[in-house]
Structures are given as C-alpha cells and as structure tokens.
Amino acid sequence: MPSVFARLLCRQGYVLVHQGQREIAQRYEVSFRGTVLAHRRYSSSVNDNLIGKQTSRERHGSQKRKAQPHLAREVKISSSNIKFYDIDAIDSSLTPEEWGMMKAQFKHPLDFERKAMERLLRNPSFSVAESLMTYIAEEGRKPRYGVLYSYLAICVKCEMYGEMFKVYAELRRMGKMLDPNLLATLIKGFCGTDRWKESLEFLKVVKVLGKAYSRHYNHIIIAAMEHGEKQLGMSLFEEMMSAGLTPSDECYGAVMRTLSLAEDEDRVYSIFERMRNSVEFPSQSLALHIKEWFEGKKTEKWTGAFTSIHASGHCRVCDARLEGTDLTDEEFQLLHDSVLRRVIHGKDIFRSTTPKELKKFLDFIKDHHDYDVVVDGLNVAYTYGTKQKKYSRTLLKVVEHLVQQLGLRVLVLGRKHMKAGTSAHGAWRRSDMDTIESLVDLFLTDDVSKDDPYLLSATLSCGPHARFISGDFMRDHKALLDQFVQRLFLKWLRGHQMKLLSLSYGAPIFSDVHTFDIVVQQTQNTWHFPYEDGELRQALEGPDKWLCVRRGN
C-alpha cells in the first residue's frame with residue numbers, strides 16, 4: 001500500500017492489518033491526544049498484525065476486543081518516529097536529537113521552529129513546546145519573534161504563568177511590544193495572575209496603536225470584577241460598550257454576577273437594552289446568568305423559564321404576545337429614505353449598475369409602485385431550476401402561482417440575458433418568458449448589474465404591505481446603514497422576505513415571514529431573551545430558543 005494512502009487512511013482512524021499477503025484497513029476509534037494516528041512505520045512480518053510490534057498484554061487486549069468490538073483501540077506514540085504532522089498529537093517532550101531529525105526532513109528547515117510552534121497551538125502541550133525551546137537553545141540560537149509569540153500563547157493556554165513572564169521579559173528586551181495581537185495574548189495571560197493590573201498598560205498601548213477590540217477589554221473586565229474592583233470593571237465595560245464593541249459571554253457573566261444589588265438594576269437593564277438595539281443574542285450560558293440574576297433579586301419576585309415562541313407570536317410560558325415585525329409609519333419612512341440614500345444613491349452604487357440604467361429604473365418605479373410582491377427572478381430560477389429542467393420553467397411556475405392562485409400584482413426583476421438568449425431548447429425558453437411577461441411586469445437590467453439594490457428599492461417604494469422573494473441575506477446592504485436603521489432593516493426583512501423552499505408537484509412552497517421580532521423585548525411584567533443554543537442557522541432566522549422571565553409566580 002502506498003505510504004501516502006496509508007497515512008490518509010490512518011488519519012481517518014484506520015489501522016493497517018495484514019491478512020495473508022494483503023494489507024487491509026480496519027476502522028478503530030482512536031484517541032487523538034496521547035496517541036499516534038496510526039501512520040507509524042509498521043512491521044512487514046505477517047506475525048506483527050498491527051502497526052509496530054505487540055506485547056503480550058496488547059495481544060491479550062486484541063483478543064478481548066474481538067469479543068467486544070465496540071471498545072476503542074489506542075496506539076501509543078513512539079516519539080522516536082514522530083512526524084511533523086503529529087506534533088500536536090503527542091503530550092511528552094522530545095529530545096533535541098528527535099527535533100533535529102524532524103527538522104532535517106522538513107521541506108523548509110529555516111522556518112521549521114515557527115511552523116512547529118504554530119502546529120502545537122492547535123492542541124497545546126507545554127512539555128512538547130518547552131522541549132522545542134530547549135532544542136533551539138542547545139543549538140546555540142535565539143528564538144525568533146514568531147516562535148516566541150506562539151510559545152507565549154501556549155504558556156497562556158496551559159496556564160504556565162511563570163514561563164509566560166520569562167517570555168514576556170524577552171519580548172520586551174527585543175522591543176516587540178507594539179503588536180496588538182501579542183498585547184491581546186499578554187492581557188489574557190496577565191489577567192490570570194495577581195499581576196492582572198499590568199494589563200491596563202497593555203490596553204493603553206493598544207489604544208495608542210489604533211483601535212482596541214473586544215479581546216483587549218474582556219479579560220481585564222473579568223479580572224477587575226473577580227478582584228473586587230467593581231468601579232474599574234464597570235468603567236471599562238461602559239467604555240467598551242460606547243465604542244460599539246460586543247463583550248464576550250464570560251465578560252457579560254462577570255458583570256451580571258457583580259451587578260446583583262438593587263441599586264444596580266438600571267445598569268443591568270441598560271445592558272439588556274443595548275442587546276436589543278444591536279440585535280445581540282446571548283448564549284445559553286449567559287441566558288442562565290440572566291435568569292439567575294432576576295431570580296436573585298431581593299426587592300420583587302421574578303421567575304424564569306426556557307421556552308419557545310408559537311408561530312402566532314405568543315410565548316408558550318406566559319402567553320404574552322411578542323412584538324410584531326411591522327414598522328411604524330415614521331420608522332418605515334426612515335428605512336425607505338435610508339435605503340434610497342445609502343444603497344441606491346450611495347457612492348458605491350455604480351459598481352453595481354450605470355447612471356443611465358439607474359435613472360431608467362427610478363423612472364420606472366415612480367410610475368409603477370403598487371405591487372404586492374417583487375421577485376428576484378434569477379435567484380428564484382436558480383434555486384430549483386436547472387439547464388435541463390429550464391430556469392424559465394421554475395420562474396414561470398412561481399409567477400403563475402402568485403398571479404393566478406393568489407391574485408397578486410407582481411414585479412419580476414431580472415437580467416437581459418433571460419430574454420435575449422432564449423430559444424426553444426435553451427435554459428431560458430422563449431415561450432416561458434413570453435408567458436411570464438404577459439402575467440407580470442418584467443424589468444431587466446444589464447447582465448453586469450446587481451439585482452439587490454433594485455429589489456430593495458422597488459419593494460420599499462411599494463409601501464409597508466409589499467413583500468419580496470429572494471434567498472439573498474442582504475448583508476452587504478445592511479452594512480451600509482446606520483446602527484439604528486440596521487435594526488429596522490432586519491425587522492423589516494423578517495416580516496417581508498420570503499424564500500422559495502421547494503416545488504411540490506409543480507407548486508411553489510415559500511418560507512413563512514415572521515409574525516414576531518427576534519430581539520430582546522420587555523413589557524411591564526415580562527422580559528423575553530432569544531438565545532443561541534449552538535445550532536447552525538441562517539442569517540435572518542434568528543434563534544428559536546427563548547428565556548422568558550416574568551414578575552410574580
């Protein structure tokens with residue numbers, strides 16, 4: 001069996017076995033850390049049926065596993081035969097000779113130590129990293145900055161703070177204290193020790209270098225709270241929030257544990273309000289902190305429960321109706337004007353279209369603005385259409401359903417090739433496109449243009465009732481808006497965007513629009529927090545798990 005193929009099998013958890021004169025691969029559940037992934041040199045003897053030689057105890061274990069095949073097999077690492085891609089799989093130090101042999105086989109030996117330390121960061125073992133530093137020292141060389149940086153990060157991850165301080169002193173001597181990433185690592189490390197206040201100096205340097213980010217604040221705030229420096233911690237927390245940065249769950253949790261007194265209630269509520277305005281979703285662990293904070297209040301009785309929301313928008317625990325997705329007249333006008341100003345008339349629009357085409361579209365919308373639905377023609381056609389099944393046929397089925405079955409007035413946006421290149425045998429059949437054009441209004445842009453700005457503008461110009469059909473997440477356009485308008489934009493999208501999910505016996509099935517908004521919300525006697533439970537979801541879906549906290553029993 002070729003060695004490359006053998007290594008590939010072994011990385012996937014297979015062990016090479018001899019059967020007569022043939023080698024076969026048997027799958028075992030192999031422990032990653034502390035074991036080799038079974039791509040060691042193996043004996044050619046037919047008696048040595050596993051990689052390497054077996055002891056009598058191992059042979060006994062092998063016989064036992066035949067009766068119990070579900071038991072995991074562990075193959076111990078042989079450090080004398082370690083390869084570069086195994087570095088992060090071992091947990092015992094290597095000798096300078098072993099490091100030297102490994103380096104001699106490495107493709108780029110001048111970069112070996114840095115690459116090895118970076119590899120170790122994946123699954124750090126301090127003893128292995130320390131032995132690499134010993135090898136460098138015995139070679140009579142000083143480690144380069146890249147090696148020291150990764151070694152420092154390993155020391156922090158493994159909580160080897162004494163060694164961390166030594167590396168820090170060396171980095172200072174080298175004058176390498178102007179790297180924001182290095183400073184973030186030092187902040188995390190120092191905040192795990194009694195020297196945590198020195199991290200404030202690192203934060204000052206970061207601010208001088210440029211913008212400080214969440215990773216520069218989180219650990220200092222947590223350390224301040226844990227050491228009873230509440231005023232310092234809250235000052236940094238509020239500074240962080242004012243800068244528009246999002247605290248980590250651990251940072252939020254430290255603040256929640258500290259702000260437990262009645263006089264801190266307004267501060268906590270302001271945190272919840274910020275989560276709402278910035279459309280932040282706490283994690284499940286943070287939601288538990290929030291629940292405990294409410295239930296620990298001394299002045300009044302609150303109870304919390306984890307639940308879900310009915311499709312009608314009612315909470316299954318307290319039966320309260322959550323906020324809908326409709327905007328007020330003032331909010332809708334603000335959103336409409338902002339999209340036109342920032343997305344349609346913005347300085348980047350002509351990367352997506354031409355001045356002549358934009359004028360043509362705006363004139364068209366001025367005269368045609370009473371549609372119920374605006375369809376992203378290409379997005380719908382490509383979702384379930386194929387060249388063989390005809391893109392035009394998919395679009396036609398959607399249009400026929402909207403117009404003939406639902407009686408809606410429809411605008412389809414597309415590109416000129418949808419008609420220009422049609423033929424009886426092409427993916428865009430002429431007869432289909434002619435039928436579509438007889439049922440709806442069709443606006444086609446140049447093939448180099450983007451549809452999304454036109455789609456948003458057309459839908460908003462048709463008023464608060466209009467919806468649109470597209471699978472696009474609109475992230476780029478959201479980013480062009482101010483933070484408050486972004487919040488309105490997301491709310492509007494959830495209540496007005498539909499996606500084509502499937503074609504069932506030729507009939508289109510669309511996603512339902514949300515009847516309720518997915519943000520932190522409050523009534524006089526309740527708080528509702530949507531929280532992340534770790535499951536993957538699409539951008540507009542939002543979490544489907546909620547924490548309901550209500551006053552009284």
Residues 276-287 vs side-chain hydrogen bond (donor to acceptor under 3.5 Å, both in side chains), sequence neighbours excluded, gives D249-S283, Y252-E280, R274-E280, R276-E323, S278-E280, S283-S285
- Query: Where does the angle between the aromatic ring planes of H514 and F516 fall among parallel (under 30°), tilted (30 to 60°) and perpendicular (over 60°)?
  - Reply: perpendicular
Geometric class of the F294/W302 ring pair [parallel <30°, tilted 30-60°, perpendicular >60°]: tilted
So, D337 and Q333: side-chain donor and acceptor under 3.5 Å apart, yes or no?
yes
Original post:
Is the closest side-chain donor-acceptor distance between Y149 and D179 under 3.5 Å?
Top reply: no
Answer yes or no: is there a side-chain heavy-atom contact under 4.5 Å between [X] and [Y]?
X	Y	result
T303	K301	yes
F272	W527	yes
I87	F84	yes
R551	T526	no
V339	H477	no
I90	S125	no
L203	L236	yes
S242	E239	no

side-chain contact (heavy atoms from CB on, under 4.5 Å) between R550 and V317, intermediate numbers included:
CA-CA 9 Å; R550 52 180 173 160; V317 171; 4.0 Å; yes
Short N-O contact, [X] and [Y], less than 4.0 angstrom:
X	Y	value
E229	K197	yes
D376	K499	no
D482	R342	yes
K166	E170	no
D372	R467	no
R144	E113	no
D452	R475	no

May I ask you to check whether over 12 heavy atoms, not counting those of E300, lie within 6.0 Å of atom CD? yes
**OP:** Taking atom CG of N181 as the centre, report whether more than 12 heavy atoms of other residues, nucleotides or ligands fall under 6.0 Å from it.
**Re:** yes
Atom [atom1] in [X], atom [atom2] in [Y]: separation rounded to 0.5 Å?
X	Y	atom1	atom2	result
Y168	C155	OH	SG	15.0 Å
L411	L413	CG	CG	4.5 Å
K478	L456	NZ	CG	13.5 Å
I220	C191	CD1	SG	5.0 Å
S248	Y217	OG	OH	14.0 Å
L171	M164	CG	CE	11.5 Å

Mind checking side chain to side chain donor-acceptor pair (under 3.5 Å) for [X] and listing every partner two or more places apart, or none if nothing turns up?
X	value
D476	none
R122	none
S308	R316
S199	none

Determine, for Y531 and K545, whether the Lys NZ or Arg CZ falls below 6.0 Å from the six-membered ring centre while staying within 45 degrees of the axis.
no
Aromatic F165 / basic R195 pairing, under 6.0 angstrom, 45° off normal
yes
Donor-acceptor pair, side chain of [X] and main chain of [Y], under 3.5 angstrom:
X	Y	result
S214	T246	yes
D88	N123	no
S150	V147	no

- prompt: Please walk me through it: do F237 and I271 pass side-chain contact (heavy atoms from CB on, under 4.5 Å)?
  reply: CA-CA 10 Å; F237 184 78; I271 293 173; 3.6 Å; yes
query: Under the side-chain contact (heavy atoms from CB on, under 4.5 Å) criterion, do T185 and R215 qualify, and how do the steps go?
result: CA-CA 9 Å; T185 302; R215 66 181 187 272; over 6 Å; no
Exercise for the section: Take E130 and Y151 through the side-chain hydrogen bond (donor to acceptor under 3.5 Å, both in side chains) test and state the conclusion after the steps. Expected result: CA-CA 8 Å; E130 187 181 36; Y151 183 51; 4.9 Å; no
Residues pairing under ring-ring contact (aromatic ring centres under 6.0 Å, His included) where one sits in residues 312-337, two or more places apart or in two chains, turn out to be none
TODO: Could you check Y269 against Q522 for side-chain hydrogen bond (donor to acceptor under 3.5 Å, both in side chains), going step by step and ending with a plain yes or no?
DONE: CA-CA 10 Å; Y269 286 168; Q522 175 192 16; 5.8 Å; no
- Task: Using the side-chain contact (heavy atoms from CB on, under 4.5 Å) rule, take L327 and K491 through it: C-alpha gap first, then chi angles, then the decisive distance, then the call.
- Result: CA-CA 8 Å; L327 304 180; K491 187 175 184 178; 3.7 Å; yes
